[in-house]
Amino acid sequence: MTRSRAIKQIDIEVYKKMVAAQEPHVLVDTREDREWSDGHAAGAVHLSKGIIERDIEATYPDKATGWCCIAAAASRSALAADNLQRMGYTNVISLDGGWRR
């Protein structure tokens, strides 16, 4: 098993700058189905924490894909980011403060 690296976290202001600079990335919402249905960020893809590890490689096989994981507050997105790194994805960040910000 690949050893996990530190999880890179950014705040909403840094994320807004990424978007403004058109940095290529996938915004992945790791919240549960009910939370996603209640509302989500435009352009986000939904891969809940419970299924992301199962589905990610078939959906996004390129390990260099840029990822920004979000959740309700940040804990699930940090866990998802950690797992993505363990799976070999090299460009993963977690949005500190999560969806609420």
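All residue numbers refer to positions in the sequence shown, counting from 1.
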key: hydrophobic_cluster_shared for Y89 and L79, side chain cutoff 4.5 Å   =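 L79 does not cluster with Y89.
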Which heavy atom in [X] sits nearest to a heavy atom in [Y], and how many Å separate them?
X: T65; Y: D62; answer: OG1-O, 2.7 Å
X: A44; Y: W36; answer: O-CH2, 3.3 Å
X: H46; Y: R31; answer: NE2-O, 2.8 Å
X: R76; Y: A71; answer: CB-CB, 3.7 Å
X: E23; Y: H25; answer: O-ND1, 2.8 Å
X: I10; Y: K8; answer: CG2-CE, 4.1 Å

task = Check the pair E57, K63 against salt bridge (Lys or Arg N to Asp or Glu O under 4.0 Å), reporting the backbone distance first and the verdict last.
result = CA-CA 8 Å; E57 290 178 311; K63 301 288 186 176; 2.7 Å; yes
Heavy atoms, side chains only, cut-off 4.5 Å: are [X] and [Y] in contact?
X: C69; Y: V92; value: yes
X: T30; Y: S48; value: no
X: R86; Y: N83; value: yes
X: H40; Y: I70; value: no
X: V45; Y: L27; value: no
X: V28; Y: I52; value: yes
X: W67; Y: L84; value: yes
X: Q9; Y: L95; value: no

To the nearest 0.5 Å, what is the distance between [atom1] ([X]) and [atom2] ([Y])?
X: D82; Y: M87; atom1: CG; atom2: CE; value: 12.0 Å
X: L47; Y: Y60; atom1: CG; atom2: OH; value: 7.0 Å
X: D96; Y: E13; atom1: CG; atom2: CD; value: 12.5 Å

